[in-house]
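So the structure is just underneath, and the comments pick up after that.
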2 protein chains.
Amino acid sequence: MIRVLVAEDHPIVRSGIVALLRAADDIEVVGEASTGLEAVQLAIGLAPDLVLMDLRMPGIDGDEATSRILAVRPLTKVMVLTTYDSDDSILAAIEAGARGYLLKAAPQEEILAGVRAVARGETALAPSIAALLVDRARSPAPRLSPRETQILTLVAAGLSNPAIAAALYVSEATVKTHLIHTYEKLGVNDRTRAVTRAMELGILRLG
Amino acid sequence: MIRVLVAEDHPIVRSGIVALLRAADDIEVVGEASTGLEAVQLAIGLAPDLVLMDLRMPGIDGDEATSRILAVRPLTKVMVLTTYDSDDSILAAIEAGARGYLLKAAPQEEILAGVRAVARGETALAPSIAALLVDRARSPAPRLSPRETQILTLVAAGLSNPAIAAALYVSEATVKTHLIHTYEKLGVNDRTRAVTRAMELGILRLG
DNA sequence: ACCCGCATCCACCGATCGGTGGATACCGGT
DNA sequence: ACCGGTATCCACCGATCGGTGGATGCGGGT
């Protein structure tokens, strides 16, 4: 019997997942969480074999919850079930230690098969996510340094280079140098495109 | 008996919704659609009292499906059930004629109550969407002209003003004038911020 | 010891940006 | 008839941007 904890913040979605799992002879739903923190607490308390984890939840996200769970209970299997969010958040969850990665768009039988596979110790990946990983292995996404990201965030907010320099207590020349490096890494040559490209890559978010 | 058609592309989510509705004595699920077009076809064929409509679906979106359904069967009630996407897509669905607007984050009882209220001819709104409408009535969101939107899209792609002028076969002065007006409407004074603000408002999308 | 990445800084210069303060013509609504 | 919005266009000018071609110091990994 595979003991499963379901972590999903939308009640209507969680009830669909729970009903699907309960209908299987070999799966037992031992708990339900509606926030990332609740998932961590219940995973530690109930010691399920597997946690079915959404990514976007109130409070801490699914990838942070995954890290925390595995820090205390390293044998717990985590399988992410999400709407496709961004490449960056998927990679964050995989880096956090999730073993399975399916999309809510998948047929229900595929979700059940994924739970069983991950419980056995195998890896379950949606085809689109497998393709993402192959693509990433082939050409790794650019990575910005913390300062480069910080400066690009201020560019996205509409600040000029002198204004950014004043805000960060550095010289304008420093800001320009970081931006030049950022443009090279992102393969662009204009600050507006640098911002939109970083959003496409999940490096920057709106707001 | 309220006859309901469920339009939702994710099988696991749709099964949760269907199970919830079937558990109610006064509601009958007469059909299920997984695309916007399928929703239109089934709504016309089955003539349900109410369509529970997701917004983001393969092919045509929920707001376009809503318009098409109401064009043929104007007495059909449409209630949108979605994850919060953007202000713009919510307003598009309301303009398309949806009478109810709830979020998947709502408790299941609230979803049932909303179905009943909309079936009776009332309006059901999630508190956050009610707040959005009040806010919009108070200070309407800026609207860009088609040309302004087109030029801003090219700005987001990294084109300079001379490059945009060449691409659109107009003068650079024309491009600059449109951008000045765009900055005024969005309350910004820099092209990068104009792009990120337009994205926040749902005027521009990534990619 | 060496190398790389990060963070910092400089001067110069051509190109671009944004604002000002104008202008015309067309279209649709009141 | 009038008005507002849209789309088009101009010259001028100060400020900013991006690229070039440099530089130093620090920390960590090999």
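Naming: A, B, ... by sequence-line order, numbering from 1 per chain.
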Between [X] and [Y], is any pair of side-chain heavy atoms under 4.5 Å apart?
X	Y	answer
A/Thr76	A/Leu5	no
B/Ile2	B/Glu28	no
A/Leu201	A/Leu186	yes
A/Ile12	B/Leu20	yes

Measure from [atom1] on [X] to [atom2] on [N] and round the result to the nearest Å.
X	N	atom1	atom2	value
A/His178	D/dA23	NE2	C1'	15 Å
B/Leu179	D/dT6	CG	P	15 Å
A/Lys176	C/dT16	NZ	P	16 Å
A/Ile180	C/dG5	CD1	P	18 Å

**Study point:** Donor-acceptor pair between B/Glu200 and B/Thr196 side chains, under 3.5 angstrom
**Key:** no

**Study point:** Heavy-atom closest pair, residues A/Val80 and A/Ala93
**Key:** CG2-CB, 4.1 Å

Revision key, fill the gap. Note: A/Val118 and A/Val78 closest approach over all heavy atoms is CG1-O, 4.5 Å

Pairs of donor and acceptor atoms involving the side chains of residues 98-113 of chain A, under 3.5 Å and at least two apart or interchain, shall be tabulated with distances.
{"residue": "A/Lys104", "atom": "NZ", "partner": "A/Glu8", "partner atom": "OE1", "Å": "3.1"}
{"residue": "A/Gln108", "atom": "OE1", "partner": "B/Ser15", "partner atom": "OG", "Å": "3.4"}

**Study point:** Contact letters for nucleotides 25-30 of chain D, in which S counts primed atoms plus P, OP1 and OP2 and B counts the base, heavy atoms under 4.0 Å
**Key:** ------

Exercise for review: Before giving the answer on side-chain hydrogen bond (donor to acceptor under 3.5 Å, both in side chains), spell out for B/Thr177 and B/Thr174 the whole-Å C-alpha distance, their side-chain angles and the decisive distance to 0.1 Å.
Suggested key: CA-CA 5 Å; B/Thr177 303; B/Thr174 297; over 6 Å; no

Practice item. Using only side-chain N and O atoms of B/His181, determine if any of them is under 4.0 Å from OP1 or OP2 of D/dT6. Key: no

Check your understanding: Can you tell me if the side-chain N/O atoms of B/Lys185 get under 4.0 Å from OP1 or OP2 in D/dT6?
Key -> yes

Under the side-chain hydrogen bond (donor to acceptor under 3.5 Å, both in side chains) test, which residues partner [X], sequence neighbours left out?
X	value
A/Arg143	none
B/Lys176	none
B/Thr182	none
B/Arg116	B/Asp26

Practice item. Determine to 10° how strongly the helix from C/dA1-D/dT30 to C/dT30-D/dA1 is bent, judged from the axes of its five-pair ends. Key: 50°

Of all of [range], which get a heavy atom below 4.0 angstrom from DNA chain C, listed by number?
range	answer
residues 186-194 of chain B	B/Asn189, B/Asp190, B/Arg191
residues 156-174 of chain B	B/Ser160, B/Asn161, B/Pro162
residues 144-154 of chain A	A/Ser145, A/Pro146, A/Arg147

For nucleotides 22-30 of chain C, tabulate all protein N/O to nucleotide N/O atom pairs closer than 3.5 Å, reporting atom names and distance.
none

Point to revise | Ionic contact status for A/Glu122 with A/Lys77, cut-off 4.0 Å | key: no

**Study point:** Pairwise distance CD(B/Glu148) to CD1(B/Ile203) - rounded to 0.5 angstrom
**Key:** 9.5 Å

Practice item. Apply the test side chain to side chain contact (heavy atoms under 4.5 Å, CB included) to residues B/Arg193 and B/Tyr183: give CA-CA distance (whole Å), side-chain angles for both, the deciding distance (0.1 Å), then the verdict. Key: CA-CA 9 Å; B/Arg193 182 63 189 133; B/Tyr183 299 161; over 6 Å; no

Point to revise | Set of residues satisfying salt bridge (Lys or Arg N to Asp or Glu O under 4.0 Å) with respect to A/Asp61, sequence neighbours excluded | key: A/Arg56

Point to revise | Working for side chain to side chain contact (heavy atoms under 4.5 Å, CB included), residues A/Val30 and A/Val4 | key: CA-CA 6 Å; A/Val30 298; A/Val4 177; over 6 Å; no

